[in-house]
A.B. asks: 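This is the structure, below, for whatever I ask next.
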Amino acid sequence: MTQLPTPGATPAAPPPSEPPPTAAPPRPRWRETLGLLARNPTAAVSAVVLVLIVLMAVFDETLAPDGPNEQDPSLQLQPPSRSHPFGTDEFGRDILSRVVLGAATSLRVGFASVAFALVVGTLIGLLAGYYGRWVDDALMRLMDVLFAFPAVLLAIAIVAIRGAGPANAILAIGIVYVPIFARVTRASVLGVREEVYVRASRSVGASDWRLITRHVLPNAAPPIIVQTSISLAFAVLAEAALSFLGLGPRRPNPSWGLMLADGRGFIDQAWWYTVFPGLAIVVTVLCFNLLGDGLRDVLDPRQRTLMAGGGR
Amino acid sequence: MRTNRLLPLAAAAALVLTACGGGGESVDTGGGGGGGENTLVAAVSAEPDQFDPHVTNAYASFQVLENVYDTLVVPSAEDLTMQPSLAESWTTSPDQLSWTFTLRDGVTFHDGSEFDSADVVYSYRRIIDEELSNAYRFATVADVQAPDPRTVVITLTRPTPNLLELIGAFKGMAIVSENAADEFDLQSEANGTGPFRLESSDANGTVLTAFEDYWGGAPSIDGVEFRYITEASSALTALRNGEVQWTDNVPPQNVADLESDEEVELGSVTSVEYFYMSMNYAVPPFDNRDVRRAIATAVDRDEVTQAARFGAAQTNQTAIPEGSPFYLDYAPFTPDQDAARQLLEQAGVQTPLTMGLMVTDEYPETVAAAQVIASQLEPIGIDVEIQEEDFATWLDRQSQGDFDAFMLSWIGNIDPADFYENQHLSTGGSNYQGYANPQVDDLLTRAATEVDQAARKDLYDQAARIIVDDVSYLYLYNPDEVQAWAPGLTGYQVRADAAINFETVELP
């Protein structure tokens, strides 16, 4: 309970690169954040597109003109037309339908793996940053080991060991992104931990749990939120890569990466087979990245002040 | 037959980049060849694993070895009937238990030594005594003797009407020089009697040079360079811009485009390969004949070949392709989902039932065909779960019997014994499905020793009908063997057994 680190007790911990300039804990600022975000056109457009993609994934079966595996041999590799705007594949399946239905696969894997990395990584980062000392050393060295592996290689290794399939893809991608969240969280926590309001709260006898949940985590959150958005982009990309390598969902279930892999053999005959699933990946990844950029601008206190000031 | 089926494509995957490297590579055509202008460059998709004809199982190796070695007899390019090669003629004893081969005169090996009967005895004894992969082809052979240098006598334990196919169907039965295994490193060297000698081989390709003293007359080209190009589009591009003059790396979806392409000549023939699906008799309800027949009734082969082969195949409800003397015109199943549903009902099984269908990405057309079959079985209440495995896992699960159903193909078959014995005899070495029908066993056993060809065909026909009716295999189609070459290249013929022989090729 009381073995809290005192300032200077963790010399190994580097100071955060950008200490928050204000000492007072900011108030909840949902509205302000959204307002600022709306004023950033790139981020706003990205957010809108992402909402549409998520809606598409949620209502996939209602939106898709055909089922995922409705085949028609007489419509083999048809170019885009009015009845099949994205063309058809070698089984005569509607590519538009499969792109729509593939969104669910990609986003489910993307969101679930990032959620996993977010929860585990943030927890590790919080513990390491808040308690410091051997907890910090042990946890962060473990993260360093994970971080030393190239991301996609690590994911492929995990899937190769545990077998292909969406659940294992989620786990694999999730594990890959845990160290990133742990590092971001730890760095942020180190800065917040020594703030006046935290020390004040501690001096009046607040418990670790209360300190972490009420003061440390909310104030350490902005970089984590930004990281989440950017990680989603990479997770969607990683899912496509795993599917492309045949380590994701099983055929005939649609997935963007799998469609790219299958369409590759027909690129001379049917450009639409690879272009449309490829575009879907590009748009999704780009939007998550742009949204992440926008969020960073909005959530960074200095930038925020600047933007709010400029708006006045 | 098993031998040619194991195409080690994976090994070649690593070579794509080097093979596609394009400009700047110098090829050592060796001292004797002269190389350059008159050398045929052939793009193949995979690298040979080794060059010992008695040991390798890889099709990629046999593509090369076909041009380097000879066998006593050889399948004709037109209809695969057995023709004289190193053996000029042969006679059979009245009791059918002794075959006497008279060998060709004036044949020399690549190292200059004379070919005689001792080489044949050595080669055959090597396969038999060292129990190499083709030893099973000598199962009925009691002895191989050489009474004089021009004569070889093979004695048998029982009549073997398909002896010629057994010893000549492919270069796995090649004649090497006496003591070749001691004098040469057969893994990387060769000493054959064929039209080309093996010059060198590395990660970029394999180089053959014409053998001037070839008994059939020296080839008109100076040599052959096999280049490994895994990616079909790269191989076709190389063919169009003249880097290579021949390739067998022609995906079915490209056939339509290539037919109208003036820069490319296309050759195609229905091959002796057949694709099939097999269900596990040890896993209910697939032990039920009605269930298997329901599935056979629901499958529409035309749709399967359209998606998997873009129509470049002949659908077939038996194994042997039309054109073979042993072809049987028998097609009892007409695609009909209502009838299929009825059969399932009759079998008393609960639908929907799940069937795992094991395929391998080593053979992408099985993955495509499985998706079509899945969509055809869904309406009759069978939920097909497509299990895509790497080939090693696939083979492992197959031999463990760990499957509901699987798809693959057999290639390189000429004699009906090759099509049916291993696969459908209750004791057959490749009867992974666990088929056991005493009637089929009896018919196949009798056919194996029947020397009258008409009576033999009749026995195989009877057996094939039962095998099809019982759905021991659900036969799907014979794919077309499609190859492409540069306009002006003459003297080449696409063969139904997919053997690639450049002996008579002439370049413009």
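A, B, ... follow the sequence lines: proteins, then strands. Residue 1 opens every chain. A quick note: this is a predicted structure, and the numbers were derived from the prediction, not measured.
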A.B. asks: So which part of Asn254(B) gets closer than 4.5 Å to some heavy atom of chain A, the side chain, the backbone, both or neither?
C.D. replies: both
A.B. asks: Can you establish whether the number of heavy atoms outside Phe149(A) located under 6.0 Å from its atom CZ is more than 12?
C.D. replies: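 Incorrect, the count does not exceed 12.
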A.B. asks: Does any heavy atom of chain A fall under 4.5 Å from the side chain of Ala370(B), the backbone, both, or neither of them?
C.D. replies: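 Neither part, no heavy atoms under 4.5 Å.
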A.B. asks: Identify every side-chain donor-acceptor pair in residues 258-270 of chain A under 3.5 Å, counting partners at least two apart or on other chains, and give the distances.
C.D. replies:
residue	atom	partner	partner atom	Å
Asp262(A)	OD1	Arg251(A)	NE	3.3
Asp262(A)	OD1	Arg251(A)	NH2	2.8
Asp262(A)	OD2	Arg251(A)	NE	3.3

A.B. asks: Using a 4.5 Å heavy-atom cutoff, which residues in residues 71-82 of chain A come close to chain B?
C.D. replies: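 Those residues of residues 71-82 of chain A which have a heavy atom under 4.5 Å from chain B are Gln71(A), Pro73(A), Gln76(A), Leu77(A).
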A.B. asks: Using a heavy-atom distance cut-off of less than 4.5 Å, which residues of residues 378-387 of chain B contact chain A?
C.D. replies: Glu385(B), Ile386(B), Gln387(B)
A.B. asks: Considering only heavy atoms and a distance below 4.5 Å, find which of Gln253(B), Glu303(B), Gln306(B), Glu388(B) pairs most often with chain A.
C.D. replies: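 Sorted descending by pairs with chain A, the first entry is Gln253(B).
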A.B. asks: Sort by residue number and list every member of residues 87-102 of chain A having a non-hydrogen atom under 4.5 Å from chain B.
C.D. replies: Glu90(A), Phe91(A), Arg93(A)
